[in-house]
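Convention: sequence-line order gives letters A, B, ...; per-chain numbering from 1. Every heavy atom of this structure was used, including side-chain atoms; hydrogens, water molecules and symmetry mates were not.
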Amino acid sequence: MTHPAHADQILAWYDHNRRRLPWRAEPGEIADPYSVWLSEVMLQQTTVQTVADYYRRFLARWPTVQDLAQAPLDAVLTEWAGLGYYARARNLHKCAAMVVARHRGVFPSNEAALRLLPGIGDYTAAAIAAIAFDRPAAVMDGNIERVVSRLFAVEDPLPAAKPRLKILVTDLTPQARPGDYAQAMMDLGAMVCTPRRPTCGLCPVSGACIARISDDPERFPVKTAKPDKPTRYGAVFWLVRKDGAVLLRRREEKGLLGGMMEVPGTEWRDTPPTAPLADAPLKLEWQKLDASVRHTFTHFHLELQIYRGAVGLGDPKLGTWITPDRFGEVAVPTLFRKVAKAVFGK
DNA sequence: TACGCGTGGTA
DNA sequence: TTACCAAGCGT
């Protein structure tokens, strides 16, 4: 280990500042692999606060990996709706089935085997091995990248510097309590060594931190600039049946919002649609609403115009007809919940 | 390797 | 308002 005292200081800090999180075991206990896996997948690029309620609902509805494997995919997507990155939900379901079919319902305990399961990458494999199986796996997420890049004042920009940071983390990770160490480093990054205005006065290893000693710690990690997001435009068709039900369709399995339900609409292009009604599901009197919807995805902004139309009997071949008060029962992502909200004037 | 992939909170 | 960021993964 590069700094023998480092891990002890981190663990001591963790023992005194331990956060109680729904998926976290009591001190001295080891969390069960299913809970760790479920929480870690939900936490990929997603905040602790957002995940907490979803995690509780999933665990209550599907208490074991067998329960989740037997659930219909659509039920999983519905519970996941609003959490984003929907490939995670599809891979979660697939992974559960593989654990049942290939591993007799027992999660493998080593990184290499975990890494073969869908939705489990380097980070999640190491996290499960360390947290659920007490294996000395080197865990590196965005928090730990930041902590380590500051500890060593790494000037190489991310993401190119990740392999080097991983070597540093591997060197730092202790043989004893590796799961607690990983969670401690992530908590440290989330609570003390924050992206902006880190509170170095509360940090257990500030004395060893090169960024803290020699420079402005906020300068790290150095990152390469990201390209700015373009804006795309489209229109959606809010088609209401006489009984108030609205037409939804299932999106393709792959790609953006894959497998989720949508309000039918035009394609999204770099300029506003000139003849949107050509793409409407039916030829009828469409009324353009004043309200529009703006939504930002990972790599572009989207602006949708809304057209409203009415029919007497809705043809089931057009898609699924469902009243807006029941959108919670189907897999409607946030974008189209925003559309519903705009139609009703917020 | 670089990009596609959601959403909500924060400054 | 805009930009950035959060317990990354798949291709």
Side-chain angles (χ1 to χ4, degrees), chain A residues 19 21-24 31 35-55 77 80-92 94-95 114-128 130-132 137-147 158-163 166 169 179 181-191 193-198 218 221 223-232 251-260 262 268 293-302 331-338:
Chain A
R19 287 195 287 176
L21 300 172
W23 46 86
R24 190 166 278 179
S35 302
V36 174
W37 164 71
L38 178 61
S39 64
E40 291 300 345
V41 172
M42 288 184 167
L43 286 162
Q44 290 165 8
Q45 296 286 282
T46 309
T47 58
V48 163
Q49 184 177 345
T50 300
V51 165
D53 288 338
Y54 283 87
Y55 172 81
L77 291 176
W80 198 277
L83 201 52
Y85 286 134
Y86 297 98
R88 292 185 297 173
R90 302 193 297 272
N91 284 330
L92 188 84
K94 195 180 302 177
C95 182
L114 288 163
R115 187 70 181 73
L116 294 176
L117 295 166
I120 297 182
D122 288 340
Y123 162 76
T124 305
I128 295 172
I131 297 169
V139 176
M140 190 175 74
D141 75 324
N143 287 303
I144 299 178
E145 282 175 11
R146 184 171 57 257
V147 171
L158 287 171
K162 282 190 183 189
K166 176 75 178 230
V169 175
Y181 175 79
Q183 294 176 92
M185 288 285 277
M186 292 189 279
D187 278 9
L188 190 64
M191 301 161 67
C193 194
T194 48
R196 280 165 290 193
R197 297 175 60 89
E218 205 170 317
K223 294 190 176 183
T224 55
K226 291 173 185 171
D228 45 342
K229 301 178 202 278
T231 299
R232 294 181 186 162
R251 292 176 63 86
E252 290 184 19
E253 281 301 312
K254 294 192 172 185
L256 187 70
L257 307 178
M260 303 295 285
E262 68 173 357
W268 305 339
V293 165
R294 291 186 63 86
H295 190 75
T296 299
F297 293 104
T298 309
H299 54 295
F300 66 95
H301 304 289
L302 179 64
V332 179
T334 297
L335 168 63
F336 297 107
R337 292 179 195 267
K338 282 189 184 179

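Residue Trp80(A) is classed as having no contact, given no heavy-atom separation below 4.0 Å to the nucleic acid. When heavy atoms are screened at a 4.0 angstrom cut-off, Arg24(A) is found touching base atoms of the nucleic acid. Note on Ile128(A): nothing from the nucleic acid sits closer than 4.0 angstrom, heavy atoms only. Residue contacts shown for Asp122(A) are limited to sugar-phosphate atoms, with no base heavy atom under 4.0 Å away. Here Thr46(A) lies in heavy-atom contact (under 4.0 Å) with a base. Residue-level contact check: Ala182(A) touches neither bases nor backbone, having no heavy atom under 4.0 Å from any strand. Within 4.0 Å (heavy atoms only), Val48(A) reaches at least one base atom of the nucleic acid. If you check every strand for non-hydrogen atoms under 4.0 Å, Pro118(A) touches sugar and phosphate atoms only. At a threshold of 4.0 angstrom between heavy atoms, the contacts of Leu335(A) are confined to the sugar-phosphate backbone, with no base atom among them.
Taking only side-chain nitrogens and oxygens, Thr50(A) never comes nearer than 4.0 Å to OP1 or OP2 of dG8(B). Taking side-chain N and O atoms only, Gln45(A) has a distance below 4.0 Å to OP1 or OP2 of dG8(C). When the side-chain nitrogen and oxygen atoms of Tyr85(A) are compared with OP1 and OP2 of dA6(C), none of them lie within a distance under 4.0 Å. Distances shorter than 4.0 Å separate some side-chain N or O of Arg146(A) from OP1 or OP2 on dA6(C). Side-chain nitrogen and oxygen atoms of Thr296(A) include none within less than 4.0 Å of the OP1 or OP2 phosphate oxygen of dT7(B). Within the 4.0 Å cut-off from OP1 or OP2 of dG6(B), not a single side-chain nitrogen or oxygen of His295(A) is found. Proximity of Thr47(A) to the phosphate of dT7(B): no side-chain N or O atom is located under 4.0 Å from OP1 or OP2.
Atom CE in Met42(A) sits about 15 Å away from atom C1' in dG6(B), given to the nearest Å. Note: NZ (Lys338(A)) to P (dG6(B)) measures 14 Å, nearest angstrom. Taking atom CE of residue Met191(A) and atom P of nucleotide dA6(C), one finds them 16 Å apart after rounding to whole Å. The CZ-C1' distance, from Arg251(A) to dC5(B), rounds to 12 Å in whole Å. As a whole-Å value, the separation of Leu116(A) CG from dC9(C) P is 14 Å. As rounded to whole Å, 10 Å separates atom C1' of dC5(C) from atom CG of Asn143(A). The CH2-P distance, from Trp268(A) to dC5(B), rounds to 9 Å in whole Å. Counting to the nearest Å, the P atom of dC4(C) and the CG atom of Leu158(A) are 15 Å from each other.
Between Tyr85(A) and Thr298(A), some side-chain heavy-atom pair lies under the 4.5 Å cut-off.
If you take atom P in dG6(B) and the same atom in dT11(C), they sit 14 Å apart, rounded to whole Å. One P atom belongs to dA7(C), the other to dC3(B), and the distance between them is 23 Å to the nearest Å.
For Phe297(A) and His295(A), the ring centers sit closer than 6.0 Å to each other.
Side-chain atoms of Glu218(A) do not come within 3.5 Å of backbone N or O of Arg196(A) as any donor-acceptor pair. At least one donor-acceptor pair closer than 3.5 Å links the side chain of Arg88(A) to the backbone N or O of Val41(A). In terms of modelled atom types and a separation under 3.5 Å, the side chain of Arg90(A) and the main chain of Gly258(A) share a donor-acceptor contact. Between the side chain of Thr194(A) and the backbone N or O of Gly189(A), no donor-acceptor pair lies under 3.5 Å.
When distances are taken from the side chain of Thr334(A) to each of dG6(B), dA7(C), dG8(B), the shortest belongs to dG8(B). Among dG10(C), dG6(B), dA7(C), the nucleotide with an atom closest to any side-chain atom of Arg115(A) is dG10(C). Among dC5(B), dG6(B), dA7(C), the nucleotide with an atom closest to any side-chain atom of Asp187(A) is dA7(C). In the set dG8(C), dA6(C), dA7(C), the nucleotide with an atom closest to the side chain of Pro195(A) is dA6(C). Of the candidate nucleotides dG4(B), dG6(B), dA7(C), dG6(B) has the atom nearest to the side chain of Leu257(A).
Mapping Gly189(A) and Asn91(A) onto DNA chain C by nearest heavy atom places Gly189(A) at the nucleotide closer to the 5' end. In terms of position on DNA chain B, the residue among Gly255(A) and Arg196(A) whose nearest nucleotide sits closer to the 5' end is Gly255(A). For the pair Ser39(A) and Arg294(A), nearest-nucleotide mapping onto DNA chain C gives the more 5' position to Arg294(A).
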TODO: Check the pair Tyr123(A) / Gln44(A) against side-chain hydrogen bond (donor to acceptor under 3.5 Å, both in side chains), numbers first and verdict last.
DONE: CA-CA 9 Å; Tyr123(A) 162 76; Gln44(A) 290 165 8; over 6 Å; no
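Note on Arg24(A) versus Asp187(A): salt bridge recorded, some NZ/NE/NH1/NH2 to OD/OE distance being below 4.0 Å.
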